[in-house]
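Reminder, nothing fancy here: chain letters follow the sequence lines and each chain counts from 1. The figures that follow rest on heavy atoms only: side chains count, while hydrogens, waters and symmetry mates do not.
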Amino acid sequence: MTVLKYWQAVNLALREELAHDERVILFGEDVAAPGGAFGASKGLMEEFGHRVRDTPISEGAITGLGVGAAAAGARPVVEIMFADFLTLAMDQVVNQAAKIHYMSGGAVQVPLTVRTLCGAHRGAGPQHSQSLEAWLAAVPGLRVVAPATAADAKGLLKSAIRSPDPVVVIESLALWNQRGEVPADADFLIPLGRAAVRREGSDLTVVAWGAAVPRALAAAEAAAQHGVEVEVIDLRSLSPLDHTTVLASVRNTGRLLVVQDAVAPCSVGSEVVRVAVADAFDHLRSAPVVLCPPFAPVPFPAALTNRYFPQVEDIVRAAQQLTGALV
Amino acid sequence: MTVLKYWQAVNLALREELAHDERVILFGEDVAAPGGAFGASKGLMEEFGHRVRDTPISEGAITGLGVGAAAAGARPVVEIMFADFLTLAMDQVVNQAAKIHYMSGGAVQVPLTVRTLCGAHRGAGPQHSQSLEAWLAAVPGLRVVAPATAADAKGLLKSAIRSPDPVVVIESLALWNQRGEVPADADFLIPLGRAAVRREGSDLTVVAWGAAVPRALAAAEAAAQHGVEVEVIDLRSLSPLDHTTVLASVRNTGRLLVVQDAVAPCSVGSEVVRVAVADAFDHLRSAPVVLCPPFAPVPFPAALTNRYFPQVEDIVRAAQQLTGALV
Amino acid sequence: MSVTQIPDIDQAFGLLRVMHRIRAFEQCATRLMAQGVLEGFLHVSIGQEAVAAGVCSVLERNDLMTTSHRGHGHCIAKGARIPAMMAELFGRSGGYCGGRSGSMHIADAEVGILGANAIVGAGIPIAAGGALASQVRGTGQVAVCFFGDGAVAEGVFHETLNISALWSLPVVFVCENNQYAEMTPSQVHLATTVVAEYARPYGLPSVTVDGNDVLAVRAAAEEAVHRARGGLGPSLVECLTYRWHGHFEGDSQRYRDKAEVAEWMLKDPIEHLAAWILSRDHRLQERIALTRLEAVEEVEQAVAWASALPVPGPEALLADVYAEDLLSEPELAVPTTGTGGGRG
Amino acid sequence: MSVTQIPDIDQAFGLLRVMHRIRAFEQCATRLMAQGVLEGFLHVSIGQEAVAAGVCSVLERNDLMTTSHRGHGHCIAKGARIPAMMAELFGRSGGYCGGRSGSMHIADAEVGILGANAIVGAGIPIAAGGALASQVRGTGQVAVCFFGDGAVAEGVFHETLNISALWSLPVVFVCENNQYAEMTPSQVHLATTVVAEYARPYGLPSVTVDGNDVLAVRAAAEEAVHRARGGLGPSLVECLTYRWHGHFEGDSQRYRDKAEVAEWMLKDPIEHLAAWILSRDHRLQERIALTRLEAVEEVEQAVAWASALPVPGPEALLADVYAEDLLSEPELAVPTTGTGGGRG
Ligand SMILES: Cc1ncc(C[n+]2csc(CCOP(=O)(O)OP(=O)(O)O)c2C)c(N)n1
Ligand SMILES: Cc1ncc(C[n+]2csc(CCOP(=O)(O)OP(=O)(O)O)c2C)c(N)n1
Ligand SMILES: [Mg+2]
Ligand SMILES: [Mg+2]
């Protein structure tokens, strides 16, 4: 175990996988000589030469080259700086990467990893801060993960790179400098498709992922002061969703609160509610709730983002309302 | 009232709006001289000259020109032949059209209409048949409608064109040749944001949109033979969702079945369930269900698409299960 | 730098055979479509066979290839199995995708076909990605992508030219310029209709050849492939040609003159090569005829085989969605109901 | 066909004034950012002011414009109000977007600014769309888009050149080639670093000018705008320049030599114009100094005004999402909780 910042864990995972498998290649805007717009690929070009490349600003082609390289036997990791820019690469992600294995009857695999950032929380404004994970989680053929800790940033990314299927790894700039214990083991992997119970509790299940997880945990601690025991589930994988873990918890607590940085409609939160009511309806003691931003673009100043994204107090209040602790 | 095919109603709406407002312009691939890949814009270039134009195959720029023309005072209607090709235009739809009014503090309006087709049902295969409506319904700043009848194809498209906000109109190739009564009135509009109760019933609420509506209605008739009275709601608008109509019905029937051609995760169906449990939980007598295709790409042959998309029998069976009619 | 030589008679017959196999396959498919035996969208390249045959004749088996919605010819020329292709068109379980994807989605990893594609232009960066994998791994493979004049207007074409030039990727861009994109003539969709021009800003060698002259296509491709294989980077070959059929089977073709079509039918690439062969040795008439007959025969056998295959059952719906099964936890699967639709 | 004339002294002072206003605005903003007064991302164009000033000096008030993430200069030159811009940077309610969108999103319909943009290349088709509206409605407006060398690699740039050429749209593409895209030099991201080359396949007139020479920029822009207004279609003007600051404020700039920066700082576009003015009349030194002081003063007043404005309250979160309110039915709104996050 070493203590690393979130981005250093990303960097370590990339370095280890480049060293571990020479089919791994890495490319994207400013990832090589500059070492990444936010430092995630620092030092890798120096170490791995032409396997790490700077690209032009061409998200469609970057992703398309990733698809082709993967189909031809490489293990490409491409970076799309912000998820908002995935809007320029959706054909390659959705129509190509996600479908080629199916459309080739299993003959062509696409072990492509796409790294990106969702929901910046750094005052980057409406076009650099969207949480678009639900789009990707809705596409058969893709895997989608969203690490919330430094350890997961390493373990999920490594699993993504080793997966024979295309995986989108949604990192969080809000967590970029958060420190955490990270196993030094070069074969440390977090399995795709498995959620983590970050805190146990019997009164309420709170489901979160990415940057919302630390806020959910802080809220759980605060709620405990009010006598409400919250179980916090970090989804980690958004596709496939770990129905088992979510359902087991909801069956136990009878109450569900999803906390997310994405707006409500057709979100991962909507999906978690759908799954919970479909398979744990009889266990529900109150209506599941999705706590989320208003249906509006993300504003840039902190004074407003703090009112836009659900904060710890908002989560505590929702937890109290759901459990009737204040009623 | 005239009886028109669905596509003729689209054509009529376009003709009327081009005649009604000379700021209306129409462009897209094969829309002008050929009159549209499927005939929707037949005869319009002949009638309206350079206001109706054929474009190169450049979905990003087509949509971007639409955004700019709208921002500069025109009322552009652009066609993106299949929703699958929207993957190449998402930046302009999501980051630009949807956000410019907000980002300009209300100074710049974007009265853009994007016409497209979802879920082809014509053996067009995995890259031409996706139901991607949930992506769009998740974006603040956009309106999304999905007409299921010839009358709505006219009335919703006209409302879209007259709306000061960007609207995506999702037409259905599966319904292309369906006939229906269409008001001849050149000011016939269907308001955005309002669902239609297509059939009343007290045992179960079935929510559908687009090509799933006729199947839902047929199933409702069949279920009635088994003594189950189904209320069928055609959403018509996917954003905003008409919470009022859905909730009133669910509160009355106590049971909800969503029937959709999109796969389950993070779908409009997930969202309808979220809304229903959030605000009608105490009225629910059984767990809401989303009946939908398996989590896989759309296959091409009819033998498989008939097993992929929910069919009338599937809906009847689900209705019986939900209402306990067979239990 | 050219390595081109005039082919010998056997090589010419090799090209002729490929063109006949393509023609026979597509003529048969259009017939079956007209009869209602096949369903879905069918885009044929009848009249354009020289491009596929010429280019693929200079490729190795493990060289990589992508193509478009109009890709039967390229796949056949690259070595795809005609029976498995036919089965795919039939929607039967012996098809390349188990009969689930159809005519626009032939892929065959064994002969380097990364896939045909129903999205205009999408195969272009994918081919360049194949070239990147080859370059990084040092496999010596060249990647070729076939695309139409319509794809030139897609941004990703230009993006890919730029990256390929910057990285000196071993890729050959082959534009099959048949002068129409769906129902729209190239003057309406391209500011400059000479596609070779678009490669110039990137410093790419580019050339326009008679796409109905298989030997001219082959010569140009040979040079481009040689350059790519030698580490000298990408190039573009524009092949000017014409499609005899509509954009898809069923297209009413009101957008063009019958006379224009008739004129181009006189430039049949197969007749052109046959004439070349006969000019070398007029006694080869019979062998030419036989070549055609063998191709027709092969396709007929493929139809017989394919039409006898079973229709895929509902279990096919969820097959191959992922390469790896994570579904150790049962709820991760979206169950399908007995007869059909899934139930999320 | 050129209509260019050497400007008189008053015109030159007009240009100088615009450049000083841009410089003062951005120098002030960078200072406030360094002090922690401003938040978010800030991209300044210090050293590149001649492009904005030169191009906009030949535009009418109702001509249309789009720009990029580095757009303060273009907005100021086109007539945006400096106080409302400053308030937007401050995140205050008097800003162009009520302080919600920040530095990369200045739009002002009154002076034809359709918007700056945080998505590289996105403003390019939007400007062409403005030109289309002008063409169809016959308003006589010309549309100009400003973009960087980095945007040339985005497919939508090429797509837009093609459509604009085909339709002869009244649009002028102005590439502000500052030789870097973020931390990546143009040789690494463009196969040909001369951006004017990319317009050639479309038959567009294109030219490269010294982007630090405001008179040269103005002359090239004048010709292009004249052509567009006269119905002769689009053109491209490449302005070669350099940014003195990092890509964003806070950029460590390890990717370039200090010497390179120093060299370009000697080519200050403001000094260049001042020297030109003095070469005409050396007694104008004082008026030059005054021009600068007035600009600094104007910006300081804007800061004083902006910093006194209220911070937007939570009601601002949902304002202006739509132009039309359909929320007659209350459930259509996603309610916000008292303090913050919405509750879907
Ligand atoms: C991205 C995208 N846009 C539009 C289409 C619809 N479409 C299919 S083929 C085609 C024309 C393609 O023309 P070209 O590239 O010249 O190929 P050709 O059909 O002539 O072989 C179009 C517009 C598509 N499949 N994909
Ligand atoms: C589509 C997209 N990709 C990437 C980025 C991140 N990004 C912001 S500015 C920039 C470089 C732009 O370079 P250039 O166009 O030359 O403009 P300059 O900053 O030099 O003015 C990049 C890559 C973005 N904002 N949008
Ligand atoms: Mg063509
Ligand atoms: Mg630049």
Handout entry: Proximity breakdown for D:Asp320 and chain A, heavy-atom pairs closer than 4.5 Å
Key = neither
Fill in the blank from the handout: Note: vs chain D, highest number of non-hydrogen pairs under 4.5 angstrom among A:Gly60, A:Pro126, A:Ala33 is A:Pro126
Practice task
Keeping the roles fixed (side chain from A:Gln127, backbone from D:Ala118), state whether a donor-acceptor pair exists under 3.5 Å.
Solution key: yes
Practice task
With a 4.5 angstrom heavy-atom cut-off, could you sort out which part of D:Phe248 is near chain A: side chain, backbone, both or neither?
Solution key: neither
Handout entry: Residue among D:Ser101, D:Gly150, D:Gly102 with most heavy-atom pairs under 4.5 Å to chain A
Key = D:Ser101
Exercise for the section: Verify side-chain contact (heavy atoms from CB on, under 4.5 Å) between D:Glu154 and A:Glu59, making sure each step is shown before the conclusion. Expected result: CA-CA 8 Å; D:Glu154 287 284 10; A:Glu59 287 77 7; 2.6 Å; yes
Completion exercise
Output for pair (A:Glu29 CD, D:Met183 CE), nearest 0.5 Å, gives 11.5 Å
Handout entry: Those residues that, when tested against D:Tyr96, pass side-chain hydrogen bond (donor to acceptor under 3.5 Å, both in side chains) (two or more places apart)
Key = D:Asp108
Practice task
Specify which of D:Gly99, D:Ala191, D:Gly155 makes the most heavy-atom pairs with chain A at under 4.5 Å.
Solution key: D:Gly99
Fill in the blank from the handout: When the 4.5 angstrom heavy-atom criterion is applied to D:His105 and chain A, the contacting part is side chain
Exercise for the section: Select one option (side chain, backbone, both, neither) describing which atoms of D:Leu42 are under 4.5 Å from chain A's heavy atoms. Expected result: neither
Exercise for the section: Could you check whether the rings of A:His128 and D:Phe41 sit parallel, tilted or perpendicular, using 30° and 60° as the cut-offs? Expected result: tilted
Fill in the blank from the handout: Note: vs chain A, highest number of non-hydrogen pairs under 4.5 angstrom among D:Ser103, D:Gly40, D:Cys97, D:Ala153 is D:Ala153
Exercise for the section: Applying side chain to side chain contact (heavy atoms under 4.5 Å, CB included), name anything that partners D:Ala316, two or more places apart in sequence or on another chain. Expected result: D:Arg100, D:Pro312
Completion exercise
Looking only at D:His189, D:Glu39, D:His247, most heavy-atom pairs under 4.5 Å shared with chain A are made by D:Glu39
Practice task
Heavy-atom pairs under 4.5 Å with chain D are the metric here; pick the option from A:Ala32, A:Ala37, A:Ala124, A:Ala303 that has the most.
Solution key: A:Ala124
Problem - Derivation and outcome, side-chain contact (heavy atoms from CB on, under 4.5 Å), residues D:Val321 and A:Phe295 - result: CA-CA 8 Å; D:Val321 179; A:Phe295 194 51; 5.7 Å; no
Completion exercise
Sorted by chain and number, sequence neighbours left out, side chain to side chain contact (heavy atoms under 4.5 Å, CB included) with D:Thr66 holds for D:Leu114, D:Ile126, D:Ala127, D:Cys145
Fill in the blank from the handout: One option among D:Asn117, D:Val152, D:Val188, D:Leu38 has the most heavy-atom pairs under 4.5 Å with chain A, and it is D:Asn117
Completion exercise
What one should report as the nearest heavy-atom pair of A:Asp30 and D:Glu182 is OD2-OE1, 2.6 Å
Practice task
Indicate the atoms forming the closest heavy-atom contact of D:Leu317 with A:Ala296, along with that distance.
Solution key: O-CB, 3.2 Å
Practice task
For chain D, find its close neighbours in residues 86-96 of chain A: heavy-atom separation under 4.5 Å, sorted by number, or none.
Solution key: A:Leu88
Exercise for the section: Would you give the length of the straight line joining atom CG of D:Leu318 to atom OH of A:Tyr308, rounded to the nearest 0.5 angstrom? Expected result: 9.0 Å
Problem - Options A:Pro297, A:Gly269, A:Ser58, ranked by heavy-atom pairs under 4.5 Å with chain D, top entry - result: A:Ser58
